[in-house]
Engineer: 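I have a structure here, written as structure tokens, and I will follow up with some questions on it.
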Number of protein chains: 2
Amino acid sequence: MGAIKQKTKTEILTKTIPLFAQRGYDGVSMRDIAKTVGITVGSLYHHFPDKQALYVEALGQTFAKHTDFMRDAFVENDNPKNRIRILIHSLCVLVNEDNNLSQLMQREILDGDKKRLQFIADNVFSGFLRNMNELCLLLAPERDPHLLTISIIGLIVYHFQITPMRSLLPGHQCSHNDSEVIANHVFSLLENSWE
Amino acid sequence: MGAIKQKTKTEILTKTIPLFAQRGYDGVSMRDIAKTVGITVGSLYHHFPDKQALYVEALGQTFAKHTDFMRDAFVENDNPKNRIRILIHSLCVLVNEDNNLSQLMQREILDGDKKRLQFIADNVFSGFLRNMNELCLLLAPERDPHLLTISIIGLIVYHFQITPMRSLLPGHQCSHNDSEVIANHVFSLLENSWE
DNA sequence: GTCTATAAAGGGATAGAC
DNA sequence: GTCTATCCCTTTATAGAC
């Protein structure tokens with residue numbers, strides 16, 4: 001019984017996430033959601049007390065999907081240079097595969113809601129960034145690990161953020177949309193910084 | 001007469017830009033705008049045919065403010081390494097000073113409206129990026145200039161994008177909010193890539 | 001050029017039948 | 001658990017007085 005309810009809830013969230021990711025919280029109405037899911041607004045309110053709650057659960061589900069990646073991205077039995085190379089490639093694939101994740105993250109940072117940022121920091125980033133900081137210290141002990149960590153992430157994320165605009169910019173090529181190409185570029189760009 | 005009308009319009013836009021930047025298009029109502037400007041909704045519609053037009057003009061004014069920077073950021077009588085160093089510092093100051101510019105840009109990229117992205121590409125980025133590409137070719141002839149250009153911009157922009165969240169992340173320090181600190185970090189990180 | 005008043009549509013949310 | 005029907009507020013936008 002609870003399991004069935006859970007299943008419907010999950011399905012609602014799964015179908016709603018892309019809406020919030022693409023149009024933002026204010027850009028999506030409960031009517032939009034109901035229509036997309038294929039039920040009525042009244043039914044929606046049987047599963048969630050209000051729109052905010054639905055949104056927060058959608059966020060949670062989106063991030064939960066990638067918790068494993070965030071935890072397992074650090075294989076310790078290899079040399080730091082190989083570890084960061086693999087990590088950069090994995091991150092590129094992850095960001096390239098799940099547009100919803102990146103877009104929701106961006107919107108949350110733009111929105112700046114303190115409580116939700118704290119939730120994301122604690123549940124999504126915290127462990128991952130701590131591992132990144134450690135790895136950065138191994139790679140470049142003389143650098144500020146936090147700045148280097150954010151730089152690596154930013155370098156990757158920005159390339160995918162700007163994708164919708166890339167084809168309108170001078171010098172672009174189709175290959176620039178390939179996550180392997182971006183990964184190789186990013187790694188080779190940083191390679192000389194820790195040698 | 002036209003000049004006075006223009007002045008009122010400009011004032012409306014100036015006071016409205018921060019609203020759109022912080023809360024997004026759907027997050028701001030014509031009432032909000034009227035209240036912020038200090039006139040009524042009816043008067044607003046005397047100056048702009050609809051909300052879309054107001055928004056687009058607000059975008060235009062925001063970007064126009066920085067056209068000069070985009071054009072003048074390239075002093076040609078210096079060696080490439082100095083030029084990129086100065087450029088990185090200028091970009092950091094620019095992005096750090098005008099939150100509205102960065103936020104509106106982000107929102108536009110997220111929104112993905114083709115026509116408006118084209119407008120931004122043509123009127124804001126085009127010349128700047130072409131100059132960047134040239135400079136990148138001088139710095140690192142063996143690299144893809146477009147990828148290097150986007151990387152440099154992304155490296156800078158992301159540090160300021162993530163500012164609202166930075167204090168919640170492991171390893172952060174107050175100094176990380178300083179545009180000089182970011183600029184020096186970014187430059188030193190890339191320095192080894194073109195030597 | 002600014003106001004008041006109001007239309008018309010869309011938004012979140014609830015009640016109660018089935 | 002889903003539906004219909006509805007409430008009430010906000011939204012965009014317009015008309016017309018001053």
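When reading the values below, keep in mind they use all heavy atoms of this one structure, side chains included, and skip hydrogens, waters and symmetry mates. Sequence lines set the chain letters: A, B, ... in the order given, protein chains first and strands last, and positions in each chain run from 1.
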Engineer: Please report, rounded to the nearest Å, how far the P atom of C:dT2 is from the CZ atom of B:Phe48.
Structural biologist: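 Going from CZ in B:Phe48 over to P in C:dT2 covers 11 Å.
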Engineer: Holding to side chain to side chain donor-acceptor pair (under 3.5 Å), I want the full list of residues that pass it with A:Asp113, two or more places apart in sequence or in another chain.
Structural biologist: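 Listed in chain order: nothing, the list is empty.
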Engineer: Under the side-chain contact (heavy atoms from CB on, under 4.5 Å) test, which residues partner A:Glu76, sequence neighbours left out?
Structural biologist: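 Result, side-chain contact (heavy atoms from CB on, under 4.5 Å) vs A:Glu76: A:Arg83.
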Engineer: For B:Lys35 and C:dC3, give me the distance from atom NZ to atom P, rounded to whole Å.
Structural biologist: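 Rounded to the whole Å, the gap is 15 Å.
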Engineer: Could you state the CG-P distance from A:Asp26 to D:dT10, rounded to the nearest angstrom?
Structural biologist: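 In whole Å, D:dT10 P lies 15 Å from A:Asp26 CG.
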Engineer: Between A:His47 and D:dT2, is there a side-chain N or O to OP1/OP2 distance below 4.0 Å?
Structural biologist: yes
Engineer: Looking only at side-chain N and O atoms, does A:Thr40 come under 4.0 Å of OP1 or OP2 in D:dT2?
Structural biologist: no
Engineer: Once side-chain contact (heavy atoms from CB on, under 4.5 Å) is applied, do any residues pair with A:Asp144, and if so which ones, sequence neighbours excluded?
Structural biologist: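 side-chain contact (heavy atoms from CB on, under 4.5 Å) check on A:Asp144 returns A:His146, A:Leu147, B:Gln173, B:His176.
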Engineer: Return the value, rounded to whole Å, for the distance between atom CG of B:Leu44 and atom C1' of C:dT4.
Structural biologist: 15 Å
Engineer: Tell me the interatomic distance from B:Leu54, atom CG, to D:dT11, atom P, rounded to whole angstroms.
Structural biologist: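 It works out to 15 Å between those atoms.
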Engineer: For A:Arg143, enumerate each residue passing the salt bridge (charged side-chain N to carboxylate O under 4.0 Å, His left out) test, keeping only those at least two apart in sequence or located in another chain.
Structural biologist: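 Partners of A:Arg143 under the salt bridge (charged side-chain N to carboxylate O under 4.0 Å, His left out) test: none.
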Engineer: Could B:Glu11 and B:Lys15 be called an ion pair, given the rule that one side-chain N must be under 4.0 Å from one carboxylate O?
Structural biologist: yes
Engineer: Report, one pair per line, the protein and nucleotides 10-13 of chain C atoms (nitrogen or oxygen only) whose separation is under 3.5 Å.
Structural biologist:
from: C:dG11; atom 1: N7; to: A:Arg31; atom 2: NH1; distance (Å): 2.8
from: C:dG11; atom 1: N7; to: A:Arg31; atom 2: NH2; distance (Å): 3.4
from: C:dG11; atom 1: O6; to: A:Arg31; atom 2: NH2; distance (Å): 3.4
from: C:dG12; atom 1: OP1; to: A:Lys51; atom 2: NZ; distance (Å): 2.8
from: C:dG12; atom 1: OP2; to: A:Met30; atom 2: N; distance (Å): 2.7
from: C:dG12; atom 1: N7; to: A:Arg31; atom 2: NH1; distance (Å): 3.2
from: C:dG12; atom 1: O6; to: A:Arg31; atom 2: NH2; distance (Å): 3.4
from: C:dA13; atom 1: OP2; to: A:Tyr45; atom 2: OH; distance (Å): 2.9
from: C:dA13; atom 1: OP2; to: A:Lys51; atom 2: N; distance (Å): 3.0
from: C:dA13; atom 1: O5'; to: A:Tyr45; atom 2: OH; distance (Å): 3.4

Engineer: Quick one: side-chain contact (heavy atoms from CB on, under 4.5 Å) partners of B:Asp178, sequence neighbours excluded?
Structural biologist: B:Glu180, B:Val181
